[in-house]
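Please read the structure below before turning to the comments.
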Amino acid sequence: MTERAVRLIVLGKQGSGKGTQCVRVAAHYGIPHISTGDMLRAAVNSGSGLGARVRATMEAGELVSDDIILEVIRARLSEPDAAGHGFVFDGFPRTVGQADRLDEVLAPAAIDAVASLEIPTEVVVARIAQRRTCASCGRVYSLTAPPRVQWVCDFCGGEVVQRADDTEEAVARRLALYDTQTAPLTARYRDLGALVPVDATGTVDEVAARLIAAVDARLAADEVGA
Ligand code: ADP
Ligand code: ZN
């Protein structure tokens, strides 16, 4: 069997389990997990010029400009692990404008599948209040599923904290932006035949199994249709 690059996007509102599922998907397909939120938070924590430009925007729960995001994405895609090997995008694209620009960056290649994690807003609001995140690697924990040693990341030893933008106001703002800016992306990718809806309720393992089965079915349909 020939190695093929798998280019995936996972969409899902804040608290849908998107970050956790992207880690699973990345390991399953052997592709890098590219999270714009994690990359921007790392920039803020490192005190880089980029970090200084995006900090206030992120803390308010607003969207960083498409120009900055595309710059970050282009730089990341040119690294050897991503170039030609595929990826799973987490938190990108977030607007139809970003999706249009992504198509230009990838051409002549294209996205293989866009998984959309479906979950009611009431469920995610409760989850986010409990959410704690590794400040170094971005792994997600919660008050009910903490790291083994309190509050030290199981994977990297980093400090596990509540995100600066997980306040009630910033979460409400991000959920509102998700509806107005990001939800139209599902329609865009549905029209292109790339959308794979996935029920995101249940345990992490259940959702991961559903997600991978749905993406595999989509990739297989693509091979047959090609
Ligand atoms: P969440 O999905 O919980 O909002 P993320 O970690 O994906 O968290 O993003 C955190 C913040 O980073 C966003 O609120 C926004 O300020 C910024 N950000 C991340 N990705 C993008 C993007 N693609 N476009 C614009 N802003 C982004
Ligand atoms: Zn960590």
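Worth saying up front: this structure is predicted, and the values here are computed from it rather than measured. Order of appearance sets the numbers: ligands from 1, and atoms from 1 within every ligand.
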Looking only at protein heavy atoms, identify the closest one to [atom] and say how far it is in Å.
atom	answer
atom 20 (N) of ligand 1	Thr36 OG1, 2.8 Å
atom 15 (C) of ligand 1	Glu62 O, 3.3 Å
atom 22 (C) of ligand 1	Ile69 CD1, 3.5 Å
atom 17 (C) of ligand 1	Leu40 CD1, 3.7 Å
atom 8 (O) of ligand 1	Arg163 NH2, 3.0 Å
atom 26 (N) of ligand 1	Val64 N, 3.0 Å

Closest approach of [X] to [Y] (non-hydrogen atoms, all atoms of both residues):
X	Y	value
Gly158	Ser136	CA-OG, 3.6 Å
Arg127	Gly202	NH2-O, 4.4 Å
Pro93	Leu185	O-CD1, 3.1 Å
Ala194	Arg218	CA-NE, 3.6 Å

Is ligand 1 under 4.0 Å from a heavy atom in the side chain of [X], in the backbone, in both, or in neither?
X	value
Glu59	neither
Arg174	side chain
Arg41	side chain

### Task
State plainly whether the residues Arg76 and Glu79 are in salt-bridge range, i.e. N to O under 4.0 Å.
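Yes.
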
### Residues Asp205, Arg210: salt bridge by 4.0 Å N-O rule
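No.
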
### Task
With heavy atoms of Arg131 as the reference, note each atom of ligand 1 found under 4.0 Å away.
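Once the distances to Arg131 are compared, the set is 3 (O).
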
Decide whether an N or O pair under 3.5 Å exists between [X] and ligand 1.
X	result
Arg94	yes
Gly91	yes
Asp90	no

### Glu62: which of Arg174, Arg55, Arg94, Arg173 passes salt bridge (Lys or Arg N to Asp or Glu O under 4.0 Å)
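The residue from Arg174, Arg55, Arg94, Arg173 that satisfies salt bridge (Lys or Arg N to Asp or Glu O under 4.0 Å) with Glu62 turns out to be Arg173.
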
### Task
Taking the Zn ion (ligand 2) as the vertex, measure the angle between atom SG in Cys153 and atom SG in Cys137; round to 10°.
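The angle at the Zn ion (ligand 2) comes to 110°, rounded to the nearest 10°.
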
### Message
Here's one to test your reading of the geometry: is the NZ or CZ of Arg132 within 45 degrees of the ring axis of Tyr141 and under 6.0 Å from its centre?
### Response
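Geometry flag: not set, cation outside 6.0 Å or 45°.
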
### Task
Would you tell me whether Ser116 and Glu118 have side-chain atoms, one donor and one acceptor, within less than 3.5 Å of each other?
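The criterion, which ignores hydrogens and geometry beyond distance, is satisfied for Glu118 and Ser116.
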
### Query
Between Gln181, Gln98, Met58, which one has a non-hydrogen atom sitting closest to atom 12 (O) of ligand 1?
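Closest candidate by heavy-atom distance is Met58.
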
### Query
Looking only at atom types and distance, does a side-chain atom of Asp154 sit under 3.5 Å from a main-chain N or O of Arg148, one as donor and one as acceptor?
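Looks like yes, one N/O pair under 3.5 Å.
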
